[in-house]
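Notes follow once the structure below has been shown.
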There are 2 protein chains.
Amino acid sequence: MRHMLALKYVDAVARAGSIRAAAEVLAITPSALNRRILAIEEELDIEIFERHALGVRLNSAGELFIHHIRAQMADLERVRSQIADLSGVRIGHVRIATTKEIGGRLLPRLIQSYRADFPGVTFSLHAYDRGQVEQQLQNLEADIVVMFQPLRLADMQVISHQQQHLSVALAADHPLAAHAELRLVDFLEHHPLLPPRGEGIREIVEAACVKKGLNCKPAIESDDMALLRHLARQGAGLALDLPLTISASPTEADLVYRPFKANEIEPGFLFVGQLYKRTLPVAARKFADRLREMFELETNALSGVAAN
Amino acid sequence: MRHMLALKYVDAVARAGSIRAAAEVLAITPSALNRRILAIEEELDIEIFERHALGVRLNSAGELFIHHIRAQMADLERVRSQIADLSGVRIGHVRIATTKEIGGRLLPRLIQSYRADFPGVTFSLHAYDRGQVEQQLQNLEADIVVMFQPLRLADMQVISHQQQHLSVALAADHPLAAHAELRLVDFLEHHPLLPPRGEGIREIVEAACVKKGLNCKPAIESDDMALLRHLARQGAGLALDLPLTISASPTEADLVYRPFKANEIEPGFLFVGQLYKRTLPVAARKFADRLREMFELETNALSGVAAN
DNA sequence: CTTGGGTGTGTCCTTTTTTGCAACACATAT
DNA sequence: ATATGTGTTGCAAAAAAGGACACACCCAAG
């Protein structure tokens, strides 16, 4: 991409926060970079950066402009993938941002299945906290987000959504495993293993506790869901997770899932989305289609069970 | 715009149909232009043009790419206008494409009123035939279209639409002016003045004639609606036009409008639209808002009349 | 079939633009 | 005050783009 190289420079400076730092990243001298920034500003007759003693910060005009730049770059990728697709080969890169509850289980299988059909498509998969996930989408650094308990849904377009009732994950030989469903008080009194405040699962539990006047004090708190599940498997306590149908893994036969008693805890909201009005690259779009199909299938299966 | 100059070159070549012709337009030598085109193709690793003995034609990949380029350019204009708008001054350029029935009467007043509020906004206003209007929109060479009897509505997003019953325009002292409404046969037998086939008004009349088994032979045929109205004013025959409420002009007191008898002729479809999913520059968007408001006002007024 | 005018493209050389290096002016934090 | 960071600016070198011309090619008319 030799053209719109100027735009890349602006983007790099905006990210780095200073011209010198960006120059290092771009492997050119600060003076050259500075002159290009000045040239662009003069050319557009618009000031983009606020010069500060400790670097540069985007102007309000610059905010609009950088958004345009990133949209342009993402759109070029989309065009490239479309062109590749019309020659028969599906190629491209799908960037997925998720919250921590999602990552390890649902997506890998789906990605593997997709890559079996289209080996030319590569994936990047990153977990952030809820606010950052939405920001990734808006900065066009992610094509698709899969998140639990979205915060604002601003500028997001829903691909698929589903209510999710939290289940308790506990060791198969745990005394409480004998019960078909658990009460919230039992969960809280048997060493609850919870993610930190701010994460979707934790907030749902907190809300339920407030509603019932209970005190939520996790025995172990970690932002690593896999770690919490592992502890649960060892009998260290009770973890929480999205329902079995979504996140079951054959390697965890010693871990069982039990629902809460009805209405004791509010269901959560599992959300798959993209940026509003954005046209995704073909690979991302097709993958999003599969994701949606999978959720629809599961929803139908669940409603079928409910009907019985 | 020094950056994305390469893209402008590609666009110019695509328009001109040959590198040499485009080079002339761009005021550079063909060899230089050729090298840039080759460089871009190599850089993208995509062939964009089919080399032909009598010039170049866009590849199917090139079709996608040129679309991307034009979208980029239009989007940059949008960003510029947004930035100008946040500094308080509304500035920009609104490009309107219409069919010939529209041009001379409805829009000038609205544009004048808009420019009275925002003198920094300039307008360009061009009339095409129906197919070309839609193409102007798709090529991003027009921001807003106002057209009568749209053909395909492909990739178009409706801003406003309205049914329009055709009226006969005739001299105030014409014998038929005594009638409150006219019959189709009377119209056809008193020197009909019509636009050529392919235009919306003509096609409506033709359809009505086929339905009634009548023969439509215009006394005078012209693609200049103002000319036809002028002839009608002189008593040369009967012209057709959109209803009085839309196109009346105080300078034409000697021209009166009479509707057809009910159900003798199908109503037409007046359409105001933009490109699907496109975000317009602020000036264009605000003008489109006014256009829509004006139509809504008129629709309400008409329904009020009908209710009486 | 030949010819003429059109095309895209390669090569040499000139001109313009961009870059790297070093120095400067300035603001902030220690 | 000093030290360290910032953006910015000459000046010379390097790189890229442009112009002029020639070549090979194809198509249509003569």
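None of the values given here were measured: they were computed from a predicted structure.
Look at CG on A/Leu5: it is 11 Å from P on D/dA17, rounded to the nearest Å. Rounded to an integer number of Å, the gap from CZ of B/Arg35 to C1' of D/dC21 is 12 Å.
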Every protein N/O within reach of nucleotides 6-8 of chain D N/O, cut-off under 3.5 Å:
| residue | atom | partner | partner atom | Å |
| --- | --- | --- | --- | --- |
| D/dT6 | O4' | A/Ala53 | O | 3.2 |
| D/dG7 | OP1 | A/Ile19 | N | 2.6 |
| D/dG7 | OP2 | A/Arg20 | N | 3.2 |
| D/dG7 | N7 | A/Arg20 | NH1 | 2.5 |
| D/dG7 | O6 | A/Arg20 | NH1 | 3.3 |
| D/dT8 | OP1 | A/Arg51 | NE | 2.8 |
| D/dT8 | OP2 | A/Asn34 | OD1 | 2.2 |

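Within the structure, a side-chain polar atom (N or O) of B/Arg36 is placed less than 4.0 Å from OP1 or OP2 of D/dG18.
Side chains of A/Ile19 and A/Phe49 form no contact here, defined as non-hydrogen atoms less than 4.5 Å apart. Between A/Arg36 and A/Leu5 there is a side-chain heavy-atom pair separated by less than 4.5 Å.
Legend: salt bridge (charged side-chain N to carboxylate O under 4.0 Å, His left out) pairs involving residues 117-131 of chain A, not counting sequence neighbours, sorted by first then second residue: A/Asp117-A/Arg290. Listed by first and then second residue, the side chain to side chain donor-acceptor pair (under 3.5 Å) pairs involving residues 279-289 of chain B are B/Asp289-B/Arg292 (not counting sequence neighbours).
No engagement by B/Leu33 is indicated, since no non-hydrogen atom pair under 4.0 Å with the nucleic acid exists. Within the nucleic acid shown, B/Tyr9 comes within 4.0 Å of sugar-phosphate atoms alone, with no base atom in reach, counting heavy atoms only.
With sequence neighbours excluded, the residues satisfying side chain to side chain donor-acceptor pair (under 3.5 Å) with A/Asp75 are A/Arg78, B/His68. With sequence neighbours excluded, the residues satisfying side-chain contact (heavy atoms from CB on, under 4.5 Å) with A/Gln136 are A/Ala97, A/Tyr128, A/Glu141, A/Ala142. Annotation: side chain to side chain donor-acceptor pair (under 3.5 Å) contacts of B/Glu206 (sequence neighbours excluded): B/Arg197, B/Arg202. Residues meeting the salt bridge (charged side-chain N to carboxylate O under 4.0 Å, His left out) test with A/Arg51, sequence neighbours left out: A/Glu41, A/Glu47. Qualifying salt bridge (charged side-chain N to carboxylate O under 4.0 Å, His left out) partners for A/Glu63, counting only residues two or more places apart in sequence or in other chains: none.
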Which pairs of donor and acceptor atoms, one on a side chain in residues 144-159 of chain B, lie under 3.5 Å apart (sequence neighbours left out)?
| residue | atom | partner | partner atom | Å |
| --- | --- | --- | --- | --- |
| B/Gln149 | OE1 | B/Phe269 | N | 2.7 |
| B/Gln157 | OE1 | B/Lys277 | N | 3.1 |

For a quick test of your reading: what N or O donor-acceptor pairs under 3.5 Å do the side chains of residues 84-96 of chain A make, sequence neighbours left out?
| residue | atom | partner | partner atom | Å |
| --- | --- | --- | --- | --- |
| A/Asp85 | OD1 | A/Arg90 | NE | 3.2 |
| A/Ser87 | OG | A/Ala84 | O | 2.8 |
| A/His93 | ND1 | A/Thr122 | O | 3.4 |
| A/His93 | ND1 | A/Thr122 | OG1 | 2.6 |
| A/His93 | NE2 | A/Ser124 | OG | 3.2 |
| A/Arg95 | NE | A/Asp143 | OD2 | 3.3 |
| A/Arg95 | NH1 | A/Leu140 | O | 3.1 |
| A/Arg95 | NH2 | A/Leu140 | O | 3.2 |
| A/Arg95 | NH2 | A/Asp143 | OD1 | 2.8 |

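If you walk DNA chain C from 5' to 3' and mark each nucleotide with an atom closer than 4.0 Å to a heavy atom of chain A, the marks span C/dT18 to C/dT28.
Two end axes, each from the C1' atoms of five base pairs, can be drawn for the helix from C/dC1-D/dG30 to C/dT30-D/dA1; they diverge by 30°, to 10 degrees.
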